[in-house]
Amino acid sequence: MYDRIKGFRDFYPGEMAARRATIDTLEDTARGYGFREIGTPALERAEMWTDKSGDDIVEELYSFEDQGGRHVTLTPELTPTVARMVVAKQQELSKPIKWFSTRPFWRYEQVQQGRQREFYQTNVDIFGSSEPEADAEILAWAADALTNLGLTDEHFEFRISHRDILGGVLETYDADVDIDDAIRAVDKSDKLSTAEYHDLLIGAGLTSEQAVEFDDLVAGGDLEAVRAFADTDRVDAAVDNLQHVLEAADDFGAREYCTISLETARGLDYYTGVVFECFDSAGEVSRSIFGGGRYDDLIESFGGQPTPAVGVAPGHATLALLCQRAGVWPDEEVTTDYYVLQIGDTRTEAARITRELRERGHVVETDVAGRSFGSQLNYADSINAETVVIAGEQDLANDEVTIKDMNSGDQMQVPVEEFPGEYERPTFADFDS
RNA sequence: UCCGGGUUGGGGUAGUGGUUAUCCUUCAGCCUUGUGGAGGCUGAGACGCGGGUUCGAUUCUCGCACCCGGACCCA
C-alpha cells in the first residue's frame with residue numbers, strides 16, 4: 001500500500017458527482033455572462049513568484065529544477081498566469097477580456113479545515129474595464145453562482161470595501177504611519193481583542209487617541225463620515241467608486257448580498273480598488289469563503305500596457321463546507337438510469353436494448369461480469385438504478401422483457417419490440433396502464 | 001514551524017504485558033440461472049511505522065508518519 005501525499009485528496013465517484021454538479025453550476029453561470037473558458041499550465045517559471053515576493057516564498061511552493069535547468073513551480077494561483085497570457089496577446093484580444101477556469105493549484109502549507117495542499121478554484125476575471133460595472137459584474141456572477149447552488153442571503157454575505165479608503169484615511173495622519181502595517185492590523189482585527197488591535201495600530205505609528213478614533217471610523221462603516229473625516233481627493237474618489245459599484249450591483253441583483261465592511265483589507269498584494277470577501281453568515285465557517293477585487297496595476301507590472309482588471313476566485317473546499325452546512329450540498333451518490341439484467345444466453349438482445357437506451361442519452365449498465373441474477377440485482381441497487389430491464393431467457397422466449405421499477409419494486413412484462421421502441425425514456429410507469 | 005486531540009480489518013468499534021484479538025457493518029461467493037433494499041452459510045479483511053523496556057509489547061515508553069482541530073501564513 002502506498003500512502004496518499006499529505007494535503008492531496010482522492011475523490012471517489014460519489015464525492016466526485018457532488019463536486020462535478022457544483023463545478024457545473026459555477027461554470028454554467030459564468031458562461032451565461034459570456035465568460036470564456038481558458039486552459040492554463042500547471043507549471044510556470046518560479047521567477048513569476050520569486051521576482052515579486054522574494055525567495056522566501058519558495059518555502060510555500062512546489063518548485064524544482066527541471067531536466068533543462070529551468071527553475072519551475074506548480075502554480076499556487078492563477079493570476080500571474082492570466083496576466084502573462086493577457087500581456088502576450090495584448091494587442092489581438094478584444095476588450096473587455098472575460099475569462100474563467102476551474103483548476104487545481106498547489107501550495108506547500110499547513111493542512112487545516114478547508115485548506116489542502118492541492119486545492120481547486122474557479123477563477124473569474126475581467127480585464128480592460130475600470131468601470132464600476134465590471135466590479136459589479138464580478139459580484140453579480142458570484143452572487144448568481146452561489147444562489148444557483150441553492151444558497152441564500154441567509155447563508156452568505158459579501159463584505160466589500162475599497163483599498164484606497166483605508167490607505168487614504170491613514171495617510172491623513174501626520175505621524176510616521178506604516179500604512180501597510182496598519183492595514184494588516186485592520187485585516188486581523190476580527191481575531192484580536194480591542195486592546196491588541198489598538199496596540200498594533202499604535203505599533204504602526206498612530207497615537208493612542210488616533211487608534212481609537214480610527215477604529216471607530218472604520219468599524220462604523222459610514223462612507224460619508226469617512227469622506228468627511230479624510231477630506232482628500234483620494235478618499236473622495238474611493239468612496240465615489242465604491243458607491244458606484246454598489247449602485248451597479250443593485251441593478252445587477254447583487255446588492256442585497258453586499259455589506260460595506262471597511263475592515264476587509266484582503267491582504268496587501270496586488271489589489272488596488274474594490275475588494276471583497278465572502279463570509280458564512282452563520283459564522284460557522286470562520287475564515288472567509290473566498291475573496292476578490294480589483295487589481296489595476298498587475299498587467300503593467302508584467303510588462304503589458306496599463307490594463308485594469310477585476311476578478312474573484314472561489315475555492316471549492318471552503319465553498320463545499322458552506323454548502324454542506326447550509327444543507328444544499330448535492331447527494332454524494334452515483335445515479336443510473338437503467339440496468340439491463342441478463343440471464344442465460346441473452347447477450348445479443350440485452351446489448352441491443354442497452355445500445356438503444358444509450359443512444360437516447362441515458363446512463364445504462366449491463367452485466368460484464370457473468371454474475372447471477374441475485375448479484376446483478378444487488379449491483380443494480382448499489383448503483384441506484386432507477387429501472388432494471390430484465391432480459392431473461394424466459395422473457396425472451398415470449399418475446400418480452402420485464403421492466404422493474406427499483407424504487408417500488410413493481411414490475412411487469414412488455415413486448416420486447418416496444419422496448420425502448422418509440423419511447424425516449426421509458427419507465428415502469430409508461431407501461432403501467 | 002508551533003499548540004491540542006487522535007490512529008485496532010474498507011467503515012464503525014470492544015479489549016488485553018502472554019497460546020486462535022471482540023462485535024456490527026462492508027465486500028466477495030453460495031443457498032438462488034428468475035428477483036435487490038429480508039434471512040442463512042462460507043470466505044476476505046486490522047493492532048500506523050521505527051527504536052527502547054521486557055522472557056514476551058497491539059497494550060508501557062520515546063521518536064516519526066499520518067488524520068482532525070487551531071495558531072502563524074494566506075499570493
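Proteins come first, then strands; the chains are lettered A, B, ... in the order of their sequence lines, and each starts at number 1. Computed from a predicted structure; not experimentally measured.
When rounded to the nearest whole Å, the span between CG of A:L396 and P of B:G34 equals 15 Å. The separation between A:D367 atom CG and B:U35 atom P is 16 Å, rounded to whole Å. Regarding A:L321, its CG atom lies at a distance of 12 Å from the P atom of B:C68, rounded to whole Å. If you measure from atom CD of A:Q112 to atom C1' of B:C2, you get 12 Å, rounded to the nearest angstrom. In this structure, CD1 of A:I383 is placed 12 Å from C1' of B:G36, rounded to the nearest angstrom. Rounded to whole Å, atom C1' of B:C66 lies 9 Å from atom CZ of A:R4. The CZ-P distance, from A:F428 to B:G36, rounds to 17 Å in whole Å.
Within 4.0 Å of A:T402, counting heavy atoms only, lies at least one base atom of the nucleic acid. Using a 4.0 Å heavy-atom criterion, one finds that A:L341 contacts no nucleic acid atom at all. Across all strands shown, A:G370 has no heavy atoms under 4.0 Å from either base or sugar-phosphate atoms. Residue A:E393 is in base contact, counting any heavy-atom pair closer than 4.0 Å across all strands shown. The residue A:L61 sits close to a base: some heavy atom pair falls under 4.0 Å.
B:G17 sits 8 Å from B:G56 when the C1' atoms are compared, rounded to a whole Å. Going from the P atom of B:G70 to that of B:C49 covers 29 Å, rounded to whole Å.
Aromatic pair A:F156/A:F279: ring centres not closer than 6.0 Å. Between A:H362 and A:Y338, the ring centre distance stays below 6.0 Å. For A:F105 and A:Y62, the ring centers are positioned 6.0 Å apart or more.
Residue-to-nucleotide contacts include no donor-acceptor pair under 3.5 Å from the side chain of A:Q376 to the base of B:U35. Residue side chain A:R107 does not reach the base of B:C74 through any donor-acceptor N/O pair under 3.5 Å, judged by distance alone. Judged by distance alone with a 3.5 Å cut-off, a donor-acceptor contact links the side chain of A:Q394 to the base of B:G34. Side-chain atoms of A:R115 and base atoms of B:C73 include a donor and an acceptor less than 3.5 Å apart. Side-chain N/O atoms of A:D381 and base N/O atoms of B:G36 include a donor-acceptor pair closer than 3.5 Å.
Under a 4.0 Å N-O distance rule, the pair A:E118/A:R107 does not qualify as a salt bridge.
The side chain of A:K6 contributes an N or O atom lying less than 4.0 Å from OP1 or OP2 of B:C67.
Remark: B:U42 base-pairs with B:A28; criterion is Watson-Crick or G-U wobble with both hydrogen-bond distances under 3.5 Å.
Side-chain proximity of A:K188 to the nucleotides B:C30, B:U35, B:C73 is greatest for B:C73. Among B:C73, B:U35, B:C30, the nucleotide with an atom closest to any side-chain atom of A:S372 is B:C30.
Annotation for A:D432: atom CG counts as buried by contact number, over 12 foreign heavy atoms lying within 6.0 Å.
With A:T402 contributing its side chain and A:M412 its backbone, the two residues share no donor-acceptor pair below 3.5 Å.
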